Amino acid sequence: MSGAAASAITWPEKVGTNAVNATKCGITDLYLVDGDRPQLVLMTIRVLASWATNSDRLITAYPTSKSSC
(Lines give C-alpha, C1' and ligand atoms only; values in the text may rest on other atoms or scores of the structure.)
Protein backbone atom coordinates (compact mmCIF):
# COMPACT_ATOMS: atom_id res chain seq x y z
CA MET A 1 0.00 0.00 0.00
CA SER A 2 2.96 2.36 0.43
CA GLY A 3 3.54 2.51 -3.33
CA ALA A 4 -0.14 3.18 -3.89
CA ALA A 5 -0.12 5.96 -1.29
CA ALA A 6 2.94 7.52 -2.95
CA SER A 7 1.12 7.51 -6.31
CA ALA A 8 -1.99 9.14 -4.83
CA ILE A 9 0.11 11.84 -3.15
CA THR A 10 2.61 12.50 -5.95
CA TRP A 11 0.39 12.15 -9.05
CA PRO A 12 -3.24 12.45 -7.94
CA GLU A 13 -5.98 12.55 -10.56
CA LYS A 14 -8.26 14.35 -8.10
CA VAL A 15 -7.29 16.45 -5.06
CA GLY A 16 -9.43 17.59 -2.15
CA THR A 17 -8.45 20.15 0.50
CA ASN A 18 -9.81 20.81 3.97
CA ALA A 19 -8.39 24.12 5.26
CA VAL A 20 -9.99 23.75 8.69
CA ASN A 21 -8.29 20.41 9.43
CA ALA A 22 -5.14 21.27 7.40
CA THR A 23 -5.47 18.10 5.34
CA LYS A 24 -5.42 17.14 1.69
CA CYS A 25 -6.47 13.97 -0.04
CA GLY A 26 -5.69 12.55 -3.44
CA ILE A 27 -7.27 9.84 -5.54
CA THR A 28 -5.57 8.00 -8.37
CA ASP A 29 -5.84 4.73 -10.25
CA LEU A 30 -3.08 2.19 -9.71
CA TYR A 31 -2.52 -0.18 -12.64
CA LEU A 32 -1.05 -3.61 -12.01
CA VAL A 33 0.52 -4.91 -15.20
CA ASP A 34 2.05 -8.19 -16.33
CA GLY A 35 5.83 -8.15 -15.83
CA ASP A 36 6.49 -9.90 -19.16
CA ARG A 37 3.88 -7.92 -21.11
CA PRO A 38 3.61 -4.40 -19.61
CA GLN A 39 0.86 -3.44 -22.07
CA LEU A 40 -1.42 -6.04 -20.41
CA VAL A 41 -3.25 -4.49 -17.42
CA LEU A 42 -4.12 -7.21 -14.91
CA MET A 43 -6.01 -5.07 -12.41
CA THR A 44 -6.91 -1.45 -11.72
CA ILE A 45 -7.26 -0.25 -8.12
CA ARG A 46 -8.49 3.23 -7.17
CA VAL A 47 -6.49 4.52 -4.20
CA LEU A 48 -7.28 7.34 -1.76
CA ALA A 49 -4.55 8.87 0.39
CA SER A 50 -5.06 11.58 3.01
CA TRP A 51 -2.23 13.60 4.53
CA ALA A 52 -1.70 16.57 6.85
CA THR A 53 -0.44 19.77 5.25
CA ASN A 54 0.95 21.24 8.47
CA SER A 55 3.12 18.25 9.41
CA ASP A 56 3.59 16.36 6.09
CA ARG A 57 2.35 13.13 7.65
CA LEU A 58 0.30 10.45 5.98
CA ILE A 59 -3.03 10.01 7.75
CA THR A 60 -4.42 7.05 5.83
CA ALA A 61 -4.41 5.30 2.47
CA TYR A 62 -6.86 2.69 1.27
CA PRO A 63 -8.55 1.30 -1.84
CA THR A 64 -11.83 3.06 -2.64
CA SER A 65 -14.62 3.13 -5.17
CA LYS A 66 -15.21 6.87 -4.65
CA SER A 67 -14.38 9.37 -7.36
CA SER A 68 -13.91 12.32 -4.98
CA CYS A 69 -12.62 12.91 -1.49
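Since the structure is predicted, the reported quantities are computational estimates derived from the model, not experimental observations. Numbers here are sequence positions counted from 1.
Within the structure, the side-chain hydrogen bond (donor to acceptor under 3.5 Å, both in side chains) test picks out no pair touching residues 3-12 (sequence neighbours left out). Annotation: disulfide (SG to SG under 2.5 Å) contacts involving residues 7-69, sequence neighbours excluded, comprise Cys25-Cys69. Legend: salt bridge (charged side-chain N to carboxylate O under 4.0 Å, His left out) pairs involving residues 34-43, not counting sequence neighbours, sorted by first then second residue: Asp34-Arg37. Listed by first then second residue, pairs satisfying disulfide (SG to SG under 2.5 Å) with a partner in residues 29-66 number zero, not counting sequence neighbours. Evaluation of the salt bridge (charged side-chain N to carboxylate O under 4.0 Å, His left out) test over residues 3-27, restricted to residues two or more places apart or in two chains, returns none. The disulfide (SG to SG under 2.5 Å) analysis of residues 26-61, with sequence neighbours excluded, yields no pairs.
Every residue two or more places apart in sequence or in another chain that forms a side-chain contact (heavy atoms from CB on, under 4.5 Å) with Arg57 is listed here: Ser55. Applying the side-chain contact (heavy atoms from CB on, under 4.5 Å) test to Ala6 and every residue at least two apart in sequence or in another chain returns nothing. The side-chain contact (heavy atoms from CB on, under 4.5 Å) test applied to Thr64 returns Arg46, Leu48, Tyr62, Lys66, not counting sequence neighbours. Residues satisfying the side-chain contact (heavy atoms from CB on, under 4.5 Å) criterion with Thr44, sequence neighbours excluded, are Asp29, Tyr31, Val41.
In this structure, Asn21 contributes its side chain and Thr23 its backbone to no donor-acceptor pair below 3.5 Å.
Residue Thr28 comes nearest to Pro12 through the heavy atom pair CB-CA, 4.3 Å, listed as atom of the first residue, atom of the second, then distance. Considering every non-hydrogen atom in both Ala5 and Leu58, the closest pair reads CB-CD2, 4.3 Å. Nearest approach of Ala8 to Val47, heavy atoms of both residues: CB-O, 4.1 Å. Closest approach of Pro63 and Ile45 over heavy atoms only: CB-CG2, 4.0 Å.
One finds the CD1 atom of Ile9 at 9.5 Å from the CG atom of Asp56 (value rounded to the nearest 0.5 Å).
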